[in-house]
Amino acid sequence: MRVVLDTGIFISAFLSTEGYPRKAVDLWLDKEFQLITSEWQIEEIKRVSQYDRLKERIVHRDIGFLINRLKRHAIVLKEIPNVDYSPDPDDNPILATALAGEAQYLVSGDKRDILDLEVVVGVRILTAREFVELFDMPEQ
């Protein structure tokens with residue numbers, strides 16, 4: 001299973017060790033799915049973690065650990081296409097990452113725009129809770 005975790009999922013996982021975003025990241029760390037990311041997203045994680053409202057709540061060393069982990073254990077796309085699927089243009093690069101990486105799922109907490117899309121060119125867009133619950137379902 002190929003999955004993209006939106007940047008907000010990673011940031012939420014750092015802010016709270018409880019909750020579905022952290023569980024989604026833990027599923028990746030436990031090798032339950034193949035994570036797709038991009039150089040664009042890695043730069044976004046670095047940038048967002050430096051926002052004034054976050055940088056005092058997130059340990060810089062932890063971001064470095066995540067970046068190194070992404071580079072070693074995720075599929076990192078060097079280039080992503082330009083797409084225009086979201087009403088919010090800032091969401092399009094993460095959608096492009098999912099599409100270019102042939103992901104089955106994009107996990108996001110962005111309730112304003114991206115989650116409303118539900119499916120884009122075969123990529124299902126789920127909340128962290130919906131995604132984690134996929135792993136809790138009994139096999140048939």
Side-chain angles (χ1 to χ4, degrees):
M1 172 185 323
R2 295 166 71 95
V3 178
V4 171
L5 299 179
D6 194 350
T7 301
I9 297 296
F10 287 112
I11 298 300
S12 294
F14 279 116
L15 295 175
S16 174
T17 58
E18 303 296 320
Y20 289 102
R22 182 55 175 253
K23 289 176 184 178
V25 172
D26 287 345
L27 285 167
W28 167 56
L29 294 173
D30 292 342
K31 300 179 178 161
E32 295 291 330
F33 62 87
Q34 192 169 35
L35 184 68
I36 310 296
T37 189
S38 61
E39 289 184 356
W40 172 87
Q41 185 180 28
I42 289 171
E43 290 305 313
E44 184 183 52
I45 291 168
K46 290 177 188 176
R47 181 176 51 79
V48 169
S49 70
Q50 291 302 306
Y51 287 174
D52 287 339
R53 67 180 190 272
L54 296 176
K55 68 181 176 183
E56 295 196 14
R57 297 176 59 201
I58 297 176
V59 179
H60 181 71
R61 179 186 68 235
D62 291 343
I63 294 297
F65 174 76
L66 171 64
I67 300 300
N68 289 334
R69 195 82 190 213
L70 288 169
K71 289 179 178 179
R72 282 198 298 266
H73 301 289
I75 295 172
V76 181
L77 305 176
K78 296 200 180 302
E79 295 182 20
I80 55 174
N82 288 322
V83 301
D84 187 19
Y85 291 106
S86 177
D88 180 355
D90 292 338
D91 292 337
N92 285 316
I94 202 71
L95 288 166
T97 300
L99 294 170
E102 299 177 353
Q104 285 86 20
Y105 299 100
L106 167 58
V107 181
S108 179
D110 184 350
K111 293 178 176 71
R112 290 178 314 214
D113 297 304
I114 202 165
L115 284 166
D116 287 340
L117 297 173
E118 295 181 7
V119 177
V120 173
V121 192
V123 177
R124 285 186 58 203
I125 303 169
L126 303 175
T127 65
R129 180 181 186 154
E130 292 168 330
F131 180 70
V132 168
E133 287 175 350
L134 292 176
F135 292 86
D136 293 337
M137 297 176 76
E139 295 195 28
Q140 300 185 10

Please check if Val76 and Phe65 belong to a single hydrophobic cluster, counting links between Ile, Leu, Val, Met, Phe, Trp and Tyr side chain heavy atoms closer than 4.5 Å. no
**Prompt:** Applying the 4.5 Å side-chain criterion to the ILVMFWY set and letting contacts propagate, would Leu27 and Ile11 be lumped into a single cluster?
**Reply:** yes
Exercise. Does a side-chain heavy-atom distance below 4.5 Å link Leu106 with Ile114?
Worked result: yes
In terms of heavy-atom contacts, Pro89 and Pro93 come closest through O-CD, 3.6 Å
In terms of heavy-atom contacts, Ile36 and Gly101 come closest through CG2-CA, 3.8 Å
- Task: Kindly work out whether a path of hydrophobic side-chain contacts (I/L/V/M/F/W/Y, heavy atoms less than 4.5 Å apart) joins Leu117 to Ile80.
- Result: yes
| task | Indicate the ring-plane relationship of Phe10 and Trp28, choosing parallel, tilted or perpendicular according to the 30° and 60° boundaries. | result | perpendicular
To the nearest 0.5 Å, atom CD1 of Ile42 lies from atom OG1 of Thr37 at 5.0 Å
Across all chains, not counting sequence neighbours, the salt bridge (charged side-chain N to carboxylate O under 4.0 Å, His left out) partners of Arg2 are none
Applied to residues 99-110, the side-chain hydrogen bond (donor to acceptor under 3.5 Å, both in side chains) test, sequence neighbours excluded, yields Asp6-Ser108
Do the side chains of Arg124 and Val119 get nearer than 4.5 Å, heavy atoms only? yes
task = Indicate yes or no for a side-chain donor-acceptor contact from Asp30 to the backbone of Glu32 under 3.5 Å, with no hydrogens or angles considered.
result = no
Asp26 meets the salt bridge (charged side-chain N to carboxylate O under 4.0 Å, His left out) criterion, sequence neighbours left out, with Arg22
Taking every heavy atom of Pro21 against every heavy atom of Ala128, the minimum-distance pair comes out as N-CB, 3.7 Å
Correct closest heavy-atom pair for Gly109 and Leu115 would be C-CD1, 4.0 Å
- Query: Just wondering, do Tyr20 and Thr127 contact through their side chains at under 4.5 Å, heavy atoms?
  - Reply: no
So Val3 and Phe131, do their side chains get closer than 4.5 Å, heavy atoms only? yes
- Does Ser16 reach the main-chain N or O of Ser12 with its side chain, forming a donor-acceptor pair under 3.5 Å? no
One should read off an interatomic distance between Thr97 OG1 and Leu77 CG, to the nearest 0.5 angstrom, of 6.0 Å
* Is the closest side-chain heavy-atom distance between Phe14 and Leu66 below 4.5 Å? -> yes
Residues Ala103 and Val4: closest non-hydrogen pair is CB-CG2, 4.1 Å
For Ile94 and Gln41 the tightest heavy-atom approach is CD1-NE2, 3.4 Å
Hits for salt bridge (charged side-chain N to carboxylate O under 4.0 Å, His left out) against Arg47, two or more places apart or cross-chain, chain-then-number order -> Glu44
Q) Got Leu134 and Leu126 here, is their nearest side-chain heavy-atom distance under 4.5 Å? A) yes
Go through the steps for Ile45 and Leu70 under the test side-chain contact (heavy atoms from CB on, under 4.5 Å), then give the verdict.
CA-CA 11 Å; Ile45 291 168; Leu70 288 169; 3.8 Å; yes
Quick note, side-chain hydrogen bond (donor to acceptor under 3.5 Å, both in side chains) partners involving residues 65-85, not counting sequence neighbours, are Glu39-Lys78
Decide whether Ile125 and Ile9 are clustered together by the hydrophobic rule: side chain heavy atoms of Ile, Leu, Val, Met, Phe, Trp, Tyr closer than 4.5 Å, transitively. no
Query raised in the report: Are any of the side-chain heavy atoms of Ser49 and Leu54 separated by less than 4.5 Å?
Result: no
Decide whether Ile67 and Val25 are clustered together by the hydrophobic rule: side chain heavy atoms of Ile, Leu, Val, Met, Phe, Trp, Tyr closer than 4.5 Å, transitively.
-> yes
Residue set satisfying salt bridge (charged side-chain N to carboxylate O under 4.0 Å, His left out) with Glu43, at least two apart, ordered chain then number -> Lys46
| field | Flag side-chain contact, heavy atom, 4.5 Å: Val123 against Leu95 | value | no
